[in-house]
Participant: 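This is the structure I have questions about; it appears just below.
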Amino acid sequence: MSPLSFAAVPGDLLLEIAAHLDCRADVSSLCLTNNKFFATVSSLLYTSVTLNSAEQCFTTLKMLRNRPDIARHVRELIVKPGQFSTSENQFNNSEMASAAVRDIAMSKVLDALVKFTWDFDDLPVYDEMWFALRICCGQLRYVGTSIGTRMPNLHSHLFDFVDLRGFSLYLKRAFFESHLDIFSDEQQPTSRRFWNMLMNRCPNLQELVIDGVSPFPVDARPLSYARWPNLRRLVLGDVAVDWLPGDALTAPDAKSPFIEFLEAHPNLQSLGLSRSNVSHARLATMAPDTVKLRSFTGTLEQLQSIPHMHKYLDTVAFREPMRTRDVTALAVAGLLQKLTALTKLKISFMLHSMYDSGNLLRSLIASCPNLTHLELAYGHKPSFQLELFAKTIRGFSKLRVLHLTVVKYPGEEKLAVGAARIAMTNPRIQHFSLTLLPPTYPLGFPFPVLTFLPLPYWSRDSGSFTLTCDKHGLPQTLRGFERRRLMWPFGLGQTHRTRRYINDLRPAGSPGRRKTGFKGIFELLSEPSAAGEEMRMMAFCGLLVCLAVWGCWAGNRR
């Protein structure tokens with residue numbers, strides 16, 4: 001197709017082409033082809049915008065403020081101003097990012113914004129950012145924020161939102177260290193305003209997330225008395241909501257307020273729990289068939305206590321790692337066999353010695369033959385090499401997406417080579433990611449005394465890969481994006497490095513892979529095939545002829 005005819009493609013066909021591209025970088029390249037493509041495909045490119053630094057917030061939001069034709073496509077905005085910042089400039093980053101969000105909201109160009117998330121170690125410096133979002137973004141129905149050391153003041157605009165469909169609250173480590181009773185004490189004005197917004201002014205709430213990790217859970221008992229008829233998703237981190245007053249604790253069949261809360265929400269489809277929320281014994285008192293969950297995140301004991309929901313679950317994620325020293329692995333395999341509709345699984349194992357973990361993987365294959373998404377992690381000790389893993393997972397005949405995290409095996413090959421092995425052995429997997437964690441000692445030294453040497457070392461290698469196959473289903477190209485993190489000694493910080501590449505997985509000599517000129521000759525000389533051997537022999541004979549001619553010429557000259 002010529003460039004002129006391609007420029008005449010209808011807009012709906014361009015959107016369909018852009019939707020099938022592998023990554024956002026390709027969509028951006030398509031947008032930059034010409035003005036027509038940009039005007040059409042930018043609606044897909046800017047639907048969700050994630051800003052990972054304060055400088056990116058300033059430049060990108062300034063561009064959107066000056067380009068209302070682009071800003072009108074933004075439906076989700078995620079702000080992470082401190083992802084690559086240090087503790088010294090966190091306040092400045094929060095100030096810059098919150099001011100940029102406030103200014104673009106007041107310009108009223110984000111008229112299509114539906115979801116906004118503030119992901120930082122603390123609240124934004126400028127609280128009026130929430131006021132600008134509430135007043136100037138009329139379509140905003142989902143708000144997310146994080147809380148650290150600073151708490152919202154009594155007159156914070158964060159608690160003025162009305163008729164939200166979703167609310168997310170991420171509790172950072174600093175919050176658990178200083179504000180454990182903020183949500184349980186109903187006499188505190190901040191707590192009263194928080195629960196009043198969710199319970200009274202947001203009756204149509206569909207999604208609620210109160211997440212955080214801490215050995216000392218925060219008390220959030222007022223949640224058990226809330227009622228949202230349209231609630232679809234509930235995720236709770238280390239927050240305590242299950243309790244029974246007085247003598248009710250001695251009754252074996254007594255239902256806690258949180259169990260009554262679950263039974264009062266029959267439309268709940270996704271539930272995420274931690275060990276701090278509810279015990280498995282109390283969870284077993286829930287009446288059967290009151291809630292038909294499709295997705296569950298929690299502990300092994302909690303999942304075992306709700307057998308009446310096993311036939312509905314298609315997504316399961318275990319929050320805690322399984323310790324292979326016990327019989328937990330066998331219990332997990334037996335439990336997963338009962339989940340007949342399971343297609344997505346997230347599970348991790350904590351290894352206590354270096355040994356081949358193929359038996360664990362084969363037990364998962366036998367228990368979950370219909371998996372399409374798998375997120376697997378082996379921690380603490382090396383488990384297996386990527387070559388063996390690639391051969392073993394061929395038992396997952398329906399697997400399409402894979403996320404693997406393992407401790408790097410001694411002498412393991414590079415990440416790109418391991419990814420190519422997985423792609424060649426399992427061409428049905430379209431998207432997968434690999435993460436290689438470092439051993440407990442740096443640089444692969446087996447002697448603990450060498451850990452005190454002031455040497456930098458790679459602490460983590462990760463990469464995301466997209467496989468493209470030809471019309472026959474054979475691997476063709478592998479697009480990779482790798483991230484590496486270098487830890488410097490004496491607390492000097494860390495360095496991040498990234499690289500993108502495309503590997504051709506077709507066999508040497510394929511029609512589309514043949515190269516011309518010197519590159520083609522060199523590739524043929526290094527090819528491990530019969531044609532390569534003949535080419536090398538011909539080149540060697542030609543070299544001998546040249547040496548003979550040169551010898552005769554030099555002898556005649558003398």
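These numbers were taken from a predicted model, which means no experiment stands behind them.
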Participant: Would you say M106 has more than 12 foreign heavy atoms packed within less than 6.0 Å of its CE?
Facilitator: no
Participant: With sequence neighbours excluded, what pairs up with N370 under the side-chain contact (heavy atoms from CB on, under 4.5 Å) test?
Facilitator: K398
Participant: Any chance you could lay out the salt bridge (charged side-chain N to carboxylate O under 4.0 Å, His left out) test for D160 and R193, step after step, and finish with the verdict?
Facilitator: CA-CA 9 Å; D160 291 338; R193 290 200 62 195; 2.4 Å; yes
Participant: Roughly how far apart are C136 SG and L110 CG, rounded to 0.5 Å?
Facilitator: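 Reported to 0.5 Å precision, the distance equals 9.5 Å.
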Participant: Without hydrogens or angle criteria, can the side chains of N230 and N267 be said to hold a donor-acceptor pair below 3.5 Å?
Facilitator: no
Participant: Tell me whether the guanidinium CZ or amine NZ of R102 lies under 6.0 angstrom from the six-membered ring centre of Y126 and within 45° of its axis.
Facilitator: yes
Participant: Looking at NE2 of H431 and CG of L467, how far apart are the two atoms once the value is rounded to the nearest 0.5 Å?
Facilitator: 9.5 Å
Participant: Can K344 and E375 be counted as an ion pair, charged N to O under 4.0 angstrom?
Facilitator: no
Participant: Distance alone, cut at 3.5 Å: any donor-acceptor contact between the side chains of D119 and S146?
Facilitator: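 Side chains of D119 and S146: no pair found under 3.5 Å.
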Participant: Do K172 and D211 sit within salt-bridge range, that is, some charged N less than 4.0 Å from a carboxylate O?
Facilitator: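 Salt bridge: no.
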Participant: Should the pair F261 and W228 be assigned to parallel (<30°), tilted (30 to 60°) or perpendicular (>60°) ring geometry?
Facilitator: perpendicular
Participant: Under the side-chain contact (heavy atoms from CB on, under 4.5 Å) test, which residues partner M309, sequence neighbours left out?
Facilitator: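 M286, V291, L293, I306.
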